[in-house]
2 protein chains.
Amino acid sequence: MQLCTRARYGARALVEFALAHPDNTVSLKEVAKTQRISPKYLEQIMRALKASGLVKAVRGMHGGYVLGRPPSKITLGEVFRVLEGSPALVDCVEHTGVCPMEEICPTRDTWVEMTKAIMTVLEGTTLQDLAERKRRKGSPSTLIYHI
Amino acid sequence: MQLCTRARYGARALVEFALAHPDNTVSLKEVAKTQRISPKYLEQIMRALKASGLVKAVRGMHGGYVLGRPPSKITLGEVFRVLEGSPALVDCVEHTGVCPMEEICPTRDTWVEMTKAIMTVLEGTTLQDLAERKRRKGSPSTLIYHI
DNA sequence: GGATAATCCTACTGTTCCGATAGGAATAAT
DNA sequence: ATTATTCCTATCGGAACAGTAGGATTATCC
């Protein structure tokens, strides 16, 4: 049960755009380089993000991407829904009526619980939070030496 | 990000053994039938469970499986670890040193948080809990008509 | 207006993992 | 001896994952 790279890469990329928000566009190439992601693969991910409106694209030279909304208004939950589809850990969690044993299944309740636990974390984390984390961690010297 | 069938089937099967505990053995065939799982596939799952000691096998006619411990002492966390391996949602959560960007990665903290959220649910659920849930749900008539 | 640097788009591909199947060997009760 | 069970190794089809290929379009800069 691993998180697929699609959503993870997407999240990492979006942090870069959050850091540049609202003044600068960042090109796919730059993000691919700093985040060490295959540019062509990231391209697909960005396309999905653009289609959902989470980012806007600026074409042509000196183009790139910009967040479609302030980073404080974008949760990881939304990012995952765009890049991974349903966050349900088992089909029966979301689509009731699929499993004939649904009503009497004692394990389903636990799968629901787990899914909710994950979603709580994802919905509770915004790009703003991640960007701030990165600012703090990214340059530890400012924290360590300025005591 | 779906839960694989291996762990889910295993959990559902183990509930059957929990219900029979401690007096009766249950055969793989019976479980496969009542839980609608491919017998041959369930066989592999049971083998893994046996190797881990979670169940004991009784060979020969009228054989089957029995829980290796009281159901109250077996958590779903343990079941998942046996059947799915590491519960970490991303490799970097468990194996530190794999990712060169580990220290400054703002997303890793969230993957850790999500993994912990899942594990809390899994560790907090025992086979006893599931068995009781099933007893309650399995025969709703006893609850509905005895008001 | 041509070179350049970016996004856009469709398709393809190799690999791995998932879920399941096949066919029999060993064991024990009847 | 028969039967019902667990045990074991190997195999397989398909789907999903992660990434690649190659070019079309758009806008800036000189």
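Just so we're on the same page: letters track the sequence lines, and every chain starts at 1.
A donor and an acceptor atom, one from each side chain of A:Arg133 and B:Thr110, are located under 3.5 Å apart.
Note on A:Lys40 versus A:Glu43: salt bridge recorded, some NZ/NE/NH1/NH2 to OD/OE distance being below 4.0 Å. A salt bridge links A:Arg69 and A:Glu78; the closest N-O separation between the charged side-chain nitrogens and carboxylate oxygens is under 4.0 Å. Contact check on B:Glu102 versus A:Lys137 returns no salt bridge, with no Lys/Arg side-chain nitrogen under 4.0 Å from an Asp/Glu carboxylate oxygen. By the 4.0 Å N-to-carboxylate-O rule, A:Lys134 lies too far from A:Asp129 to be salt-bridged with it.
We find the OG1-NZ distance between B:Thr34 and B:Lys29 to be 13.0 Å, quoted to the nearest 0.5 Å.
Remark on DNA chain C: of its neighbouring residues A:Arg47 and A:Gly64, the 5'-side contact belongs to A:Gly64, judged by nearest-heavy-atom nucleotide.
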Next item on the list: Starting at the 5' end of nucleotides 10-19 of chain D, put B wherever the base has a protein heavy atom under 4.0 Å, S where only the sugar-phosphate does, and a dash everywhere else.
Entry: B-------BB
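When the C1' atom of D:dC7 is taken as reference, atom CD1 of B:Ile45 falls 16 Å away, rounded to whole Å. We find that CD of A:Glu43 is positioned 14 Å from P of D:dG22, with the value rounded to whole Å.
In this structure, A:His62 does not reach the D:dA27 phosphate: none of its side-chain N or O atoms is under 4.0 Å from OP1 or OP2.
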Check: Do A:Met114 and A:Ile118 pass the side-chain contact (heavy atoms from CB on, under 4.5 Å) test, and can you show the C-alpha distance, the side-chain angles, and the key distance before you say yes or no?
Finding: CA-CA 6 Å; A:Met114 286 169 69; A:Ile118 287 178; 5.7 Å; no
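Note that the first and last nucleotides of DNA chain C, 5' to 3', having any atom under 4.0 angstrom from a heavy atom of chain B are C:dG19 to C:dT30.
You'll find a donor-acceptor pair under 3.5 Å spanning the side chain of B:Arg59 and the base of D:dT6, going by distance alone.
A:Phe17 places a side-chain heavy atom less than 4.5 Å from the side chain of A:Val31.
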